[in-house]
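For reference, the structure discussed in these notes is given below.
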Amino acid sequence: MALSRDGPLPRPRAGEGKATGLKRAHFRHSRLPLLLLLPQLLVLALFFFIPALRALAQAFLLADPFGNRMQFVWFDNFRALLASPEYQSSVWVTLWFTLAQNALTITVAGLLAFATDRVIRTRGLYRTVILLPYAVAPVIAGILWAFLFNPAVGPIAHALQGLGIAWDPNRNGNDAFILVTLAATWKHICYDYIFLVAALLAVPPSLLEAAAVDGAGPTRRFFMVALPMIGPTVFFLLVMNFVYGFFETFAIIDAVTHGGPAGATMILVYKVYQDGFVHIDLGSSAAQSVLLMAFAIILTLLQVRYVERNVNYDV
């Protein structure tokens, strides 16, 4: 028996001292955990599982616009989509749009996060200005950028025209693609910035000081010391930016270009809406939603397979 100044210490109970950390919760009533989870399960069932199963079933059906008659057509909706030039064009537009938005967002957010440590005065104001777009709704962000680049009244469009650039996103597909890419990037930069700043703050200052003593400048210290250590954060942001480009840019496309001109900005998520709610082609829209989810899963797995191998989690 262990002794102390106040007398013998009490003997530990069975199971105490063997494991530390989280303790197992015990409920007197076995139905209590289910009751606590029931509200969240109902929300998931009503707004996720039931619509997902409904969309999966609808993808194999051919229905009239009013939904009165339905016919089981197996994979005809998928075959028609994969053979459609418009859908193939939408796939490539989505891929290039997501890649461009991802690269721009990571690059600009990384530069701003790197510059945060270089700002001495008004650092709080600097961070506030960068984080302001996060509070702006996607529709408002799209309208703002559409106004700035409007060829008739937009100040930036007038500046471009003054430089001899025939800017017109209403007629030129490349201009429209650039416009929605810049708007989506601006809206999402603050998200990446928050994670990158937190990751850079976690880099040990002693390593950066040692590199500075060895003669490495700020830029070299960032790329040679800090960037490899924040690799897991960068990989996480790459995956999240792909999800953002695939699913969360619908409002920007709808507010700025409506998928035009001539389908130059018709990304997959907006085409699902166009075919389902404008053209009332429910079977094709449901098949597109299934393919969209499949494309997102495939791209995520490819990133995990070929990009994560270069990420070092041990530093």
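We use all heavy atoms of the structure for the numbers below, so side chains are in, but hydrogens, waters and symmetry mates are not.
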Kindly compute the distance separating [atom1] ([X]) from [atom2] ([Y]), expressed to the nearest 0.5 Å.
X    : Y    : atom1 : atom2 : value
L148 : I143 : CG    : CD1   : 12.0 Å
S284 : N77  : OG    : CG    : 6.5 Å
L112 : L131 : CG    : CG    : 10.0 Å
R54  : L56  : CZ    : CG    : 11.5 Å
L227 : R220 : CG    : CZ    : 14.0 Å
L291 : M293 : CG    : CE    : 11.5 Å

(request) For side-chain contact (heavy atoms from CB on, under 4.5 Å), just list the numbers for V93 and M266, CA-CA rounded to whole Å, side-chain angles, deciding distance to a tenth of an Å, and then say yes or no. (result) CA-CA 7 Å; V93 168; M266 182 67 71; 5.7 Å; no
(request) Apply side-chain contact (heavy atoms from CB on, under 4.5 Å) to the pair W145 and I252, showing each step before the final yes or no. (result) CA-CA 9 Å; W145 280 81; I252 295 177; over 6 Å; no
Non-hydrogen side-chain atoms of [X] and [Y] separated by less than 4.5 Å:
X    : Y    : result
I230 : V203 : yes
I178 : F149 : no
S90  : T94  : yes
L44  : F49  : yes
Y87  : L268 : yes
L179 : W167 : yes
W186 : T105 : no
T249 : Q101 : no

Return yes if some donor-acceptor pair links the side-chain N/O of [X] with the main-chain N/O of [Y] below 3.5 Å, else return no.
X    : Y    : result
D275 : S285 : no
Q71  : L61  : no
S84  : A80  : no
S289 : A286 : yes
D214 : A216 : no
N170 : P261 : no

Please verify the inter-ring angle class for [X] with [Y]; under 30° counts as parallel, over 60° as perpendicular, anything in between as tilted.
X    : Y    : answer
F72  : F60  : parallel
H188 : Y244 : parallel
Y191 : F195 : tilted

(message) Is there a side-chain contact (heavy atoms from CB on, under 4.5 Å) between Y270 and T265? Walk through the geometry before answering.
(response) CA-CA 9 Å; Y270 196 76; T265 59; over 6 Å; no
Quick check: closest heavy atoms across [X] and [Y], and the distance to 0.1 Å?
X    : Y    : answer
A141 : K187 : CB-CD, 4.1 Å
L282 : G276 : CD2-O, 3.7 Å
G142 : V256 : O-CG2, 3.2 Å
E86  : K271 : OE1-NZ, 4.1 Å
I106 : L196 : O-CD1, 4.3 Å
T233 : A199 : OG1-CB, 3.6 Å

Out of curiosity, does [Y] fall in the hydrophobic cluster containing [X] (side-chain heavy atoms, cut-off under 4.5 Å, transitive links)?
X    : Y    : result
L111 : L208 : no
I298 : V290 : yes
W92  : F97  : yes
F242 : F250 : yes
I165 : F177 : yes

Does [X] [atom1] have over 12 foreign heavy atoms under 6.0 Å away?
X    : atom1 : result
F247 : CZ    : yes
Q303 : CD    : yes
M240 : CE    : yes

(message) Between T181 and W96, does the side-chain contact (heavy atoms from CB on, under 4.5 Å) criterion hold? Intermediate values first, please.
(response) CA-CA 10 Å; T181 302; W96 287 115; over 6 Å; no
(request) Can you sort out the partners of L301 under side-chain contact (heavy atoms from CB on, under 4.5 Å), two or more places apart, ordered by chain and number? (result)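 Result, side-chain contact (heavy atoms from CB on, under 4.5 Å) vs L301: I297.
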(request) Determine, using ring centers only, whether F295 and F246 are less than 6.0 Å apart. (result)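 That pair fails the under 6.0 Å test.
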